[in-house]
Amino acid sequence: MCGIVGIVGKTPVAQSLYDGLTVLQHRGQDAAGIITIEQNRFNLRKANGLVRDVFHTRHMKRLSGNMGIGHVRYPTAGSSSSAEAQPFYVNSPFGIAFAHNGNLTNSHDLQEEVFRIARRHINTSSDSELLLNIFAHELQNCTELSVSAEDIFKVVTSVHKKIRGAYAVVAAIIGQGVVAFRDPNGIRPLALGKRITEMGEEYMVASESVALDTVGFTFIRDVAPGEAIFITEQGELHTQQCAEQPSTSPCVFEFVYFARPDSFIDGVSVYASRVNMGRKLGEKIAREWADLDIDVVIPIPETSMDVALQIANTLGLPYRQGFVKNRYIGRTFIMPGQTMRKQSVRRKLNAISSEFKDKSVLLVDDSIVRGTTSGQIIEMARESGAKKVYFASAAPEIRFPNVYGIDMPSANELIAYGREIEQIADLIQADGLIFQDISDLVEAVREENPDILRFETSVFDGNYITGDVDQEYLERIDLARGESSRAPVLQAELSNLEMHNMDSD
């Protein structure tokens, strides 16, 4: 998962790009980059690290120009090497800078085609660089020294026909303008905003609407699935649908975990959807756990706090903050590597022992992915004196790999893979474990926008919306991403956890 921004302004845009990326930092903590254009030259700064650490005063001074794009990254395909930090750029045609959020599902075939037909070398394992070169090759067919909106839309239409997967893209073309487009299924989000200044209208695109709000742009609308946006250097806005059969099918995990609660995605308030999740999960707990002696509801900060509060309200139970979060530790789910995630949990959270002592507590989290965090948090609750620890997940069991830009590429990493709920509860040492039903999750989001008829829910049900993912594909990306070497480590950790549970009985 990554965050992207792009601005065409009337004054220098570096600070606004920086501010936008800071607001989108939750979407990626591995690397950050900004590229601006001035006097037909790219000015680029990118490196591994948080936005605040990558950009210093000396860098910001060099990022001059009224047009530019930015990116925050966490690694899915490819590695966490600084060589894969974005934006990427190519010098021909015109000079194109490019940033991408998502993941392509036919990158293996495309890489061979790009070399064979376009004679273009891909220098990294990032499918974002691959997508850039496909876009550049299509744009190469423009014979004029400037491109029209019609040219851009023709290029994006051709790109849509060649590639499959999830992608929200922003590109800056020297001497031309900024292009943004979204995959025909609308899996990854993209929002369009406008700001009126004394010098004229300025436009911005960003992964989430909250980035527009923070920088002072007014949200216009979401970029439609399959649609292309072209903003000329002069600030003229052009839009066109470039996909043959677009369908709004956003990734439901955006609402569960990734997006900020103050964002709106495809007409859905992320905050409101999480409140709905809490209500529905609370109703399920009331039905299935009516006999449990729950004393208090405690969220695992921060994504689950809105869900937990609504669960408490639905059940008529006290809601308490039982954990203090160290805000200087990154989101453990998007950290690159299982070892780093495991080491970070106790540095990230500290229990308030008085909220646990001699109580039966219901812990609430947004989801359970690998189980590492959940198990350690339950252990912390017990160490703080909890009599019993029940666990509720706002999302259903995650049983299948994600291929659309979320770091869940191997089924062997997922604690729910091949296990029943009782087995998962034993592994994380919960006295009771309950998951949201997938139908309730989908309905919780749809309540905010009934026009969305389908969501991308493959991690829960194994139905891949692009229709091109089979077991052979999943095995291939396992090898390509190195997951096959990490899976035995995880299995050993789970085995050790099982042995520890048996020894403590």
Task: Flag, side chain of E84 to backbone of S125, donor-acceptor distance under 3.5 Å - done: yes
Open item on the list: Please check this pair: side chain of R182 against backbone of G186, looking for a donor-acceptor N/O pair closer than 3.5 Å.
Closed with: yes
Open item on the list: As an exercise, state the distance from CZ of F460 to CG of N402, rounded to the nearest 0.5 Å.
Closed with: 9.5 Å
Open item on the list: Could you report the tightest heavy-atom contact between P189 and I265, atom names first, then the distance?
Closed with: CB-CG2, 3.8 Å
Open item on the list: So does M277 get a backbone contact from the side chain of Q436, meaning a donor-acceptor N/O pair under 3.5 Å?
Closed with: yes
Open item on the list: Looking only at side-chain N and O atoms, does S304 offer a donor or acceptor that is under 3.5 Å from a partner on D366?
Closed with: no
Task: Stepwise salt bridge (Lys or Arg N to Asp or Glu O under 4.0 Å) test for R446 and E443 - done: CA-CA 5 Å; R446 281 196 72 244; E443 187 57 32; 3.6 Å; yes
Open item on the list: Does any part of the side chain of P401, heavy atoms only, come nearer than 4.5 Å to the side chain of S410, both counted from C-beta?
Closed with: no
Open item on the list: Any side-chain to backbone donor/acceptor pair from S247 onto S249? Under 3.5 Å, distance only.
Closed with: no
Task: Salt bridge flag under 4.0 Å for residues K388 and D358 - done: no
Open item on the list: What's the separation between atom CD in E422 and atom CG in L427, rounded to the nearest 0.5 Å?
Closed with: 12.0 Å
Open item on the list: I'd like to know if the side chain of N276 pairs up with that of E448 as donor and acceptor (distance under 3.5 Å, no hydrogens or angles considered).
Closed with: yes
Open item on the list: Between R73 and A85 (side chain of the first, backbone of the second, donor and acceptor by atom type, cut-off under 3.5 Å), is there such a pair?
Closed with: no
Task: Nearest heavy-atom neighbours spanning A394 and L441 - done: O-CD1, 4.1 Å
Open item on the list: What I'd like to find out is whether the side chain of L363 reaches to under 4.5 Å of the side chain of F356, using heavy atoms alone.
Closed with: yes
Task: More than 12 heavy atoms of other groups within 6.0 Å of K284 NZ - done: yes
Open item on the list: Would you say that Q86 contacts H100 through its side chain, given a criterion of any heavy-atom pair below 4.5 Å between the two side chains?
Closed with: yes
- [ ] For residues V469 and L474, determine if any side-chain heavy atom of one lies less than 4.5 Å from a side-chain heavy atom of the other.
- [x] yes
Task: C251 side chain near Y404 side chain, heavy-atom distance below 4.5 Å - done: no
Open item on the list: Pair R164, D468 - check salt bridge (Lys or Arg N to Asp or Glu O under 4.0 Å), show working.
Closed with: CA-CA 8 Å; R164 295 190 299 272; D468 60 339; 2.8 Å; yes
Open item on the list: Does Y89 have more than 12 heavy atoms from other residues, nucleotides or ligands lying within 6.0 Å of its OH?
Closed with: no
TODO: For residues L212 and A206, report the shortest heavy-atom separation together with the two atoms involved.
DONE: CD2-CB, 4.2 Å
- [ ] Enter the distance from I7:CD1 to S16:OG here, rounded to the nearest 0.5 Å.
- [x] 4.5 Å
Task: Spatial distance of atom OG (S207) from atom NE2 (H71) [nearest 0.5 Å] - done: 8.0 Å
Open item on the list: Treating N326 as the side-chain partner and K348 as the backbone partner, does any N or O pair qualify as donor plus acceptor under 3.5 Å?
Closed with: no
- [ ] Tell me, with the steps shown, if D266 and I452 meet side-chain contact (heavy atoms from CB on, under 4.5 Å).
- [x] CA-CA 8 Å; D266 290 316; I452 301 178; 4.0 Å; yes
Open item on the list: Test side-chain contact (heavy atoms from CB on, under 4.5 Å) on E208 and L24; report intermediate values, then the result.
Closed with: CA-CA 8 Å; E208 295 183 32; L24 296 176; 3.9 Å; yes
- [ ] Inspect the surroundings of CZ in R221 and state if more than 12 heavy atoms from other residues, nucleotides or ligands are less than 6.0 Å away.
- [x] yes
TODO: May I ask you to test the I406-F258 pair for a side-chain heavy-atom distance under 4.5 Å?
DONE: yes
TODO: Please step through side-chain contact (heavy atoms from CB on, under 4.5 Å) for the pair E456 and S458, ending with a clear verdict.
DONE: CA-CA 6 Å; E456 202 296 300; S458 58; 2.6 Å; yes
- [ ] Find out whether F391 and I300 are in side-chain contact, i.e. whether some heavy atom of one side chain is under 4.5 Å from a heavy atom of the other.
- [x] yes
Task: Worked verdict on D470 versus R476 for salt bridge (Lys or Arg N to Asp or Glu O under 4.0 Å) - done: CA-CA 10 Å; D470 55 19; R476 186 167 69 244; over 6 Å; no
Task: Flag if over 12 foreign heavy atoms under 6.0 Å of CD, Q471 - done: yes
Open item on the list: Tell me whether the rings of F255 and F455 are parallel (<30°), tilted (30 to 60°) or perpendicular (>60°).
Closed with: perpendicular
Open item on the list: So, taking the atom named CD1 in I398 and the one named CD1 in I368, what distance separates them when rounded to the nearest 0.5 Å?
Closed with: 8.5 Å
- [ ] Check whether any side-chain heavy atom of R274 lies under 4.5 Å from a side-chain heavy atom of T303, and answer yes or no.
- [x] yes
Open item on the list: When you measure from the side chain of S273 to the backbone of V270, do you find a donor-acceptor pair of N or O atoms at a distance under 3.5 Å?
Closed with: yes
- [ ] Looking only at non-hydrogen atoms, find the nearest pair between N101 and I4 and report the distance.
- [x] N-CG2, 4.2 Å
Open item on the list: Could you walk me through whether I34 and K46 satisfy the side-chain contact (heavy atoms from CB on, under 4.5 Å) test, starting with their C-alpha distance in whole Å, then the side-chain angles of each, then the deciding distance to 0.1 Å, before giving a yes or no?
Closed with: CA-CA 6 Å; I34 291 175; K46 63 178 181 177; over 6 Å; no
Open item on the list: For a quick test of reading the model, state the closest non-hydrogen atom pair linking V54 to A32 and the distance between them.
Closed with: CG1-O, 3.8 Å
- [ ] Please test R287 against E283 for salt bridge (Lys or Arg N to Asp or Glu O under 4.0 Å), starting from the C-alpha separation and ending with a verdict.
- [x] CA-CA 6 Å; R287 290 193 308 270; E283 291 169 352; 5.0 Å; no
Task: CD1 on I298 to CG on L362, rounded to 0.5 Å - done: 9.0 Å
Open item on the list: Keeping Q15 on the side-chain end and Y18 on the backbone end, is there a donor-acceptor pair under 3.5 Å?
Closed with: no
Task: Whether R419 side chain and Q423 backbone form a donor-acceptor pair below 3.5 Å - done: no
Open item on the list: On a heavy-atom basis, which atom in P225 and which in T248 lie closest, and how many Å separate them?
Closed with: CG-OG1, 3.6 Å
Task: Y417 atom OH, neighbour heavy-atom count above 12 within 6.0 Å - done: no
Open item on the list: Can you tell whether the side chains of R27 and E254 come within less than 4.0 Å, N to carboxylate O?
Closed with: yes
Task: Aromatic ring pairing W289/Y390, orientation class (parallel under 30°, perpendicular over 60°, tilted between) - done: tilted
TODO: Might you confirm whether atom NZ of K357 has over 12 heavy atoms from other residues, nucleotides or ligands at distances under 6.0 Å?
DONE: no
Open item on the list: Donor-acceptor pair, distance only, cut-off 3.5 Å: does the side chain of D461 make one with the backbone of N463?
Closed with: yes
